[in-house]
Amino acid sequence: MAIRLSTRLLNVCIASLCKASRLDKAEAVLVDGIRMGSLPDVVTYNTLIFAYCRYVGIDEAYSILYRMREAGIKADVVTYNSLIAGATKYCLPSRSLDLFEEMLQTGVSPDELTYNTLMHCMFTSGYPDDAYKVFQEMIEKNVRPSIITYNTLINGLCKSGNAINALKLFRNLQRLGFSAELVTYNTLINGLCKSRRLGAARKILRELGDSGYVPDAITYTTVMKCCFRSGKFTQGLEVFSGMMSRGYTSDVFSYCTVISALVKLGRMGEAYTCAQQMLSNGSGLDIACYNTLIYMYSTEGKLDKALQLLKEIEESSLESDVYTHSIIVNGFCKMGCIDVAHQQLHAMEVKGCGSNLVACNSLIDGLCKVGDVDSAIKLFNSMDLKDSFTYASLLHGLCKVGKFHMASKIMITCLREGINVLSSAQRAVLAGLRRMRFGKDAKKLRTSIWKARYHMPP
DNA sequence: TTAGGGTTAG
């Protein structure tokens with residue numbers, strides 16, 4: 001005999017299946033439930049929309065929204081909040097704004113979560129001014145912000161290069177009636193570290209110590225990374241051992257940070273030991289962990305091991321990303337295997353990772369190093385997007401084969417485009433011109449470098 | 001709904 005589930009029980013079943021990311025099964029339960037006379041409600045559909053945004057994609061989540069409407073159920077604030085968060089996750093700021101407009105038009109009032117999510121979306125999409133407008137609208141509409149609102153603002157300000165205002169806001173929290181949380185401290189310490197305000201970061205770290213909060217794995221990783229970034233490797237490794245001795249031994253972010261630093265230092269033995277620890281103690285190994293391991297093997301020239309890991313990724317539920325392929329392309333370039341690197345770059349494009357700037361830069365460098373500067377120039381000319389690494393690699397390659405005038409011309413173009421030319425590349429071109437007794441051209445180039453440095457017209 | 005990690009030059 002078929003049993004008709006109550007709506008509440010139907011929702012419990014669907015929620016537990018969604019939580020386990022078994023969406024096909026959740027859908028089947030919904031279809032069977034309806035067939036047997038159960039009545040899904042707004043909670044049923046919201047649960048599915050949330051899960052589709054999280055595990056599948058925004059378009060699939062929209063299809064649930066349409067089915068919900070067909071069933072005569074009106075979307076509520078929870079529905080829109082999930083969809084806006086989904087659009088944020090997939091970097092679709094205009095979709096977020098459209099959803100926000102739609103909810104206003106259909107008479108659904110945004111709540112604190114709506115504004116926080118929309119603000120976060122605007123910051124992560126590179127529109128800090130719009131994010132601030134969202135915050136102002138939130139205040140105007142009398143929606144009370146929470147500490148999460150302020151954490152989002154502090155984070156967004158830091159990430160958009162405005163750490164000083166983030167610090168000011170942090171100092172104003174008490175006046176606004178809020179106390180900083182561990183998230184607030186971690187966010188600000190990270191922002192200050194990344195904007196190289198190490199003195200201020202140290203001060204906030206001390207304040208965190210006095211606050212009663214206990215630094216967590218995120219605090220340690222943030223500080224450790226900051227040490228590595230500023231070349232303080234011993235200090236960074238001390239932070240790591242301090243973290244381990246306090247029992248934070250399963251955090252994969254910290255392992256990735258330290259393995260990568262050890263590889264860069266050439267301390268491969270320690271890197272392998274740490275990798276082993278990550279594999280045995282780390283919980284929730286993700287694509288970044290695999291990329292770190294691939295980086296470790298590639299740097300040592302163990303490309304067979306790297307490719308074996310790539311195969312493991314492809315056979316698992318994980319998906320390789322631009323980092324994975326760029327690391328492998330770079331590994332082959334370093335070994336002088338340019339043809340294989342080319343094949344990898346092609347495979348990357350076929351897979352939909354797109355042509356990647358880092359991989360192309362590696363290939364330019366690799367081509368120059370094996371003496372094929374002409375192919376490097378060809379690749380350089382075919383690239384729409386270039387950065388200081390692109391220019392540095394090509395300029396060094398051109399200098400190596402004595403093409404100083406071409407290097408000089410390219411460097412002037414680069415400076416005019418506002419891209420920073422690394423000082424090593426500048427020195428190589430200038431020294432080459434002088435050595436070949438092209439003193440006048442060297443002087444001209446020097447003037448262009450000065451004008452670019454002091455933002456003068458060319 | 002907010003915080004940390006993974007790739008390229010010399």
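Here is how names work: the chains are called A, B, and so on, in the same order as the sequence lines, proteins then strands, and each is numbered from 1.
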Is there, by distance only and without an angle test, a donor paired with an acceptor across the side chain of A/T221 and the base of B/dG4 below 3.5 Å?
yes
Can you tell me whether the side chain of A/D286 and the base of B/dG5 have a donor-acceptor pair closer than 3.5 Å?
yes
Output the rounded distance in Å from [atom1] ([X]) to [atom2] ([N]).
X	N	atom1	atom2	value
A/M119	B/dT2	CE	C1'	9 Å
A/K225	B/dT7	NZ	C1'	11 Å
A/Y213	B/dA3	OH	C1'	13 Å
A/F123	B/dT2	CZ	P	14 Å
A/R427	B/dA9	CZ	P	16 Å
A/Y150	B/dA3	OH	P	18 Å
A/M244	B/dG5	CE	P	16 Å
A/L395	B/dG10	CG	P	12 Å

With sugar-phosphate meaning primed atoms plus P, OP1 and OP2, does [X] contact a base, only sugar-phosphate, or nothing at under 4.0 Å between heavy atoms?
X	value
A/F50	sugar-phosphate
A/K194	sugar-phosphate
A/C333	nothing
A/V252	base
A/A425	nothing
A/D251	base
A/Y323	base
A/K159	sugar-phosphate

Measure from the side chain of [X], starting at C-beta and using heavy atoms only, and say which of [options] lies closest.
X	options	value
A/T152	B/dT2, B/dG5, B/dT8	B/dT2
A/E112	B/dG5, B/dT8, B/dT1	B/dT1
A/S393	B/dA3, B/dA9, B/dG5	B/dA9
A/K334	B/dA9, B/dG5, B/dT2	B/dA9
A/D387	B/dG5, B/dT8, B/dA3	B/dT8
A/N190	B/dG5, B/dG4, B/dT8	B/dG4
A/N356	B/dT7, B/dT2, B/dG5	B/dT7

Is NZ or CZ of A/K386 both nearer than 6.0 Å to the six-membered ring centre of A/F380 and within 45° of the ring axis?
yes
Within 45 degrees of the ring normal and closer than 6.0 Å to the centroid, is that where the cationic atom of A/R267 sits relative to A/Y272?
no
Side chain to side chain donor-acceptor pair (under 3.5 Å) pairs, two or more places apart, involving residues 327-344 of chain A
A/N330-A/S362
Hey, is A/F253 stacking on B/dG5? Ring centres under 5.5 Å, planes under 30°.
yes
Is it true that a side-chain atom of A/S260 and a backbone atom of A/C256 form a donor plus acceptor pair closer than 3.5 Å?
no
Check: A/Y295 main-chain N/O paired with A/S298 side-chain donor or acceptor under 3.5 Å:
no
Should the ring pair A/F178 and A/Y150 be called parallel, tilted or perpendicular, given that the plane angle runs from 0 to 90° and is split at 30 and 60?
tilted
Anything under 30° is parallel, anything over 60° is perpendicular, the rest tilted; go ahead and classify A/Y220 against A/Y248.
tilted
Compare side-chain N and O positions of A/T390 against OP1 and OP2 of B/dA9 and report whether any pair is under 4.0 Å apart.
no
Which residues pass the salt bridge (Lys or Arg N to Asp or Glu O under 4.0 Å) test with A/E238, sequence neighbours left out?
none
Tell me which residues in residues 362-374 of chain A put a heavy atom below 4.0 Å from DNA chain B, sorted by number, or none.
A/S362, A/D365, A/K369
Within-4.5 Å side-chain heavy-atom neighbours: A/M119 and A/T149
yes
